[in-house]
Amino acid sequence: MERQLGKPLHIQAAEAFESPAFLQKLGMARADAERIFGGADWHQLLRDLVPIRGRISCADALAAFRPLLDQVAPDPAEGWLSYAYQVARALLYPASDPGHTSAQWDGALCFLQLLQVLFDAERTCLPLTSGWTLNSARRRNSPTAVWRRSTAASATGSGRNTSMRCSA
């Protein structure tokens, strides 16, 4: 059964790219961003990704976003997937980036914005299947958590512990 809560994905994407907080992060002029993203046909761009029936790959998201990304900046030498990861890391741990243009930085931020929208929608539509689960340790007011092996059987039916879970 397909489950979608809230607004359709194309509306969520359009709103994410109109967000003042997002537009403020970009180095491009607000008018340029509004020209590129304001006129985007999000319904058409995301047609291959909806309805969400399985996990969305970053490569599929990039393929869908490519028409807009090409308007923002030329491809970085290492490709958009690697560069977007580098930008995400630089947001947490700032470092200089002399090998890329500010337009490429903006392109990576835009791609990361789309991924955030897609993964939020995926989380709403699909059950959690992570091999790792982190539960806050609430027993005896302990501030720590303990990682434990799951007792779930492996996909091959071997019955061995195949994943780790964190529980208090």
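As a basis for the values below, the full set of heavy atoms in this structure was taken, side chains included, without hydrogen atoms, waters or symmetry mates. Residues take their numbers from the sequence shown, with the count starting at 1. What you are looking at is a predicted structure, and each value in this text was computed from that prediction instead of being measured.
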- Query: Any sub-3.5 Å donor-acceptor pair from Glu122's side-chain atoms to Ile56's backbone N or O?
  - Reply: yes
- Query: Considering all heavy atoms of both residues, which atom of Leu112 and which atom of Ala84 are nearest to each other, and what is their separation?
  - Reply: CD1-O, 3.8 Å
- Query: At their closest point, which heavy atom of Ala108 faces which heavy atom of Val87, and how far apart are they?
  - Reply: CB-CG2, 3.6 Å
- Message: Walk me through whether Asp75 and Asp70 qualify under side-chain contact (heavy atoms from CB on, under 4.5 Å).
- Response: CA-CA 8 Å; Asp75 289 10; Asp70 288 343; 4.1 Å; yes
- Query: Does the Ser19 side chain pair with the main chain of Glu15, one donor and one acceptor, at a distance under 3.5 Å?
  - Reply: no
- Mind jotting down which residue pairs meet the ring pair (Phe, Tyr, Trp, His ring centres under 6.0 Å) criterion with at least one end in residues 35-59? Sequence neighbours excluded, please. His10-His43, Phe17-Phe37, Phe17-Trp42
- Query: From Gln12 CD over to Leu46 CG, what is the distance, rounded to the nearest 0.5 angstrom?
  - Reply: 10.0 Å
- Message: Working to the nearest 0.5 angstrom, can you tell me the gap between Leu115 CG and Ser57 OG?
- Response: 9.5 Å
- Does any non-hydrogen side-chain atom of Cys58 lie less than 4.5 Å from one of Phe119? yes
- Can you name the closest pair of heavy atoms from Ala61 and Leu118 and give their distance? CB-CD1, 3.5 Å
- Query: If you round to the nearest 0.5 Å, how far is CG of Leu45 from CZ of Arg66?
  - Reply: 13.0 Å
- Query: Between CZ of Phe111 and CG of Leu62, what distance do you get to the nearest 0.5 Å?
  - Reply: 4.5 Å
- Note on the structure: Minimal heavy-atom distance between Ala64 and Leu49, with the atoms involved, is CB-CD1, 3.9 Å
Under 3.5 Å, which donor-acceptor pairs do the side chains of residues 22-35 form with other protein atoms, sequence neighbours left out?
none

- Do the side chain of Arg89 and the main chain of Gln86 share a donor and acceptor less than 3.5 angstrom apart? no
- Query: Is Arg55 salt-bridged to Asp60, going by a charged N under 4.0 Å from an acidic O?
  - Reply: no
- Note on the structure: Between Leu9 and Ala121, the two heavy atoms sitting closest are CD1-CB, 3.6 Å
- Note on the structure: Taken to the nearest 0.5 Å, the spacing of Leu68 CG from Leu114 CG works out to 9.0 Å
- Note on the structure: The complete set of side-chain hydrogen bond (donor to acceptor under 3.5 Å, both in side chains) pairs with one or both residues in residues 95-115, sequence neighbours excluded, reads Glu78-His100, Tyr83-Asp97, Asp97-His100
- Side-chain contact test, heavy atoms from C-beta onward, threshold under 4.5 Å: evaluate it for Leu109 versus Leu91 and give yes or no. yes
